[in-house]
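Please read the structure below before turning to the comments.
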Amino acid sequence: MTSTSETTEKHVSKIALFYDLVFVYMISKTSEILHHLSHGRISLFSFLLFAIIVLIFISSWMTQTIFTNRYGKGSWSDIGFYFTDMMILLFMSNSFDTTDLKEMRVLFSSAGLLSTTLALHYLITYFQVNKEEDKKITISYFRFLIFRAICLFTGGYLDNIFGFSIAIIGLAFSWIMPSLTKKYTVKHPIHFGHFLERLNLLVIVIFGETIIGIADYFRPTTFNFYSIFIFLLVAFLFLLIFCNLTI
């Protein structure tokens, strides 16, 4: 028997597209970390810091996208949460230093606040849905988001390696915990077309930053064989990813 989620077509809303614009700025700011070279190379520290920050942002994007996919209705409540989350994300994008960890406490604290607003949105939805599986889904997401928020707030408050570790553990578990709700979510699957469309848009945003990154190779003073080679690499990667996403 086909579920409602599979038969009802759902399109990406304008507010979701507006929300994704924040990630254009986020990716631009985060990629600046990789511009700090050590002896002409990207240091392991810079790469790990870049990966952690990107995981924080992408985890938040995924959580918001999954919520919108299942329960988003474009209500004023949804729009209010979108705008609130966008302001927090903009603050987060400017909260970390690209050379050290001194401002990571601000990033963790604001990420904890973002997790809290996402958890609150799920809690409100818990009281609005009627089906038992939806109540179990929303309360499960609420709990793991609160757990992540506590870990991130702890990391921001302690502001040391121990707190940093707690924040990372909370972030890691936030990627694992949704799989524990599979017995509930299978009864209310996501709209795959909607999710794929949002994912395609996110990939385009990321490639937009890549194009900006290679643009300097196409100046009159720098254009050469390597410029063509680099562009072809990016183009091949684009085709490879989108061929897989559209299968």
What's the shortest heavy-atom distance between [X] and [Y], and which atoms?
X: G112; Y: F153; value: C-CZ, 3.4 Å
X: S110; Y: F91; value: CB-CD2, 3.9 Å
X: R105; Y: G156; value: CB-O, 3.4 Å
X: K136; Y: Y184; value: CD-CE2, 3.3 Å

For the backbone of [Y] and the side chain of [X], can you confirm whether one donor and one acceptor N or O come within less than 3.5 Å of each other?
X: K135; Y: V129; value: yes
X: S109; Y: V106; value: no
X: N69; Y: T65; value: no

Any side-chain donor paired with an acceptor under 3.5 Å for Y122 and T63?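 Judged by distance alone, the side chains do not pair up.
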Can you tell me if S60 and Q64 form a side-chain donor-acceptor pair at under 3.5 Å?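 Their side chains do not contain a donor-acceptor pair, so the 3.5 Å distance test is not met.
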From [atom1] ([X]) to [atom2] ([Y]), nearest 0.5 Å:
X: I228; Y: L233; atom1: CD1; atom2: CG; value: 12.0 Å
X: F144; Y: S115; atom1: CZ; atom2: OG; value: 9.0 Å
X: T181; Y: I139; atom1: OG1; atom2: CD1; value: 13.0 Å
X: R148; Y: I56; atom1: CZ; atom2: CD1; value: 9.0 Å
X: T117; Y: L145; atom1: OG1; atom2: CG; value: 9.0 Å

More than 12 non-hydrogen atoms from neighbouring residues, nucleotides or ligands closer than 6.0 Å to CZ on F218, yes or no?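 For F218, atom CZ is crowded (more than 12 foreign heavy atoms under 6.0 Å).
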F223 CZ: over 12 foreign heavy atoms closer than 6.0 Å: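 More than 12 within 6.0 Å, yes.
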Identify whether [X] and [Y] are in the same connected component of the hydrophobic contact network (ILVMFWY, side-chain heavy atoms under 4.5 Å).
X: V186; Y: I176; answer: no
X: L171; Y: I161; answer: yes
X: I166; Y: F108; answer: no
X: I169; Y: I146; answer: yes
X: F231; Y: L237; answer: yes

Please lay out, stage by stage, how M87 and L90 fare under the test side chain to side chain contact (heavy atoms under 4.5 Å, CB included). CA-CA 5 Å; M87 288 189 288; L90 284 172; 5.5 Å; no
If you define the side chain from C-beta out and look only at heavy atoms, does anything of [X] sit under 4.5 Å from [Y]?
X: T68; Y: Y82; value: yes
X: F142; Y: T138; value: no
X: E197; Y: N200; value: no
X: F67; Y: L118; value: no
X: S140; Y: L180; value: no
X: K187; Y: I137; value: no

Give me the ring orientation class for F173 and F147: parallel if the planes are under 30° apart, tilted from 30 to 60°, perpendicular past 60°.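 Perpendicular: the ring planes of F173 and F147 meet at over 60°.
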Using the ring centroid of each side chain, check whether Y71 and H188 are separated by less than 6.0 Å.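 They qualify: ring centres under 6.0 Å apart.
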With a 3.5 Å cut-off and sequence neighbours excluded, list the donor-acceptor pairs that the side chains of residues 14-26 form with protein atoms.
{"from": "D20", "atom 1": "OD1", "to": "W61", "atom 2": "NE1", "distance (Å)": "2.9"}
{"from": "D20", "atom 1": "OD1", "to": "R198", "atom 2": "NH2", "distance (Å)": "2.9"}
{"from": "D20", "atom 1": "OD2", "to": "R198", "atom 2": "NE", "distance (Å)": "3.2"}
{"from": "Y25", "atom 1": "OH", "to": "N94", "atom 2": "OD1", "distance (Å)": "2.7"}
{"from": "Y25", "atom 1": "OH", "to": "N94", "atom 2": "ND2", "distance (Å)": "3.3"}

Given side chain to side chain contact (heavy atoms under 4.5 Å, CB included), test H194 with I190 step by step and report yes or no. CA-CA 8 Å; H194 175 272; I190 64 172; over 6 Å; no
Go through the steps for I52 and F164 under the test side chain to side chain contact (heavy atoms under 4.5 Å, CB included), then give the verdict. CA-CA 11 Å; I52 290 169; F164 186 87; 3.8 Å; yes
Tell me, with the steps shown, if D78 and H121 meet side-chain hydrogen bond (donor to acceptor under 3.5 Å, both in side chains). CA-CA 8 Å; D78 288 349; H121 207 174; 2.9 Å; yes
Starting from the C-alpha separation in whole Å, work towards a yes-or-no answer on side-chain hydrogen bond (donor to acceptor under 3.5 Å, both in side chains) for T125 and R70. CA-CA 11 Å; T125 305; R70 281 200 178 96; over 6 Å; no
L120 and F81: CA distance, side-chain angles, deciding distance, side chain to side chain contact (heavy atoms under 4.5 Å, CB included) verdict: CA-CA 9 Å; L120 181 59; F81 273 104; 4.0 Å; yes
What side-chain hydrogen bond (donor to acceptor under 3.5 Å, both in side chains) pairs are there with at least one residue in residues 211-225, not counting sequence neighbours?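 Qualifying pairs: D216-R219.
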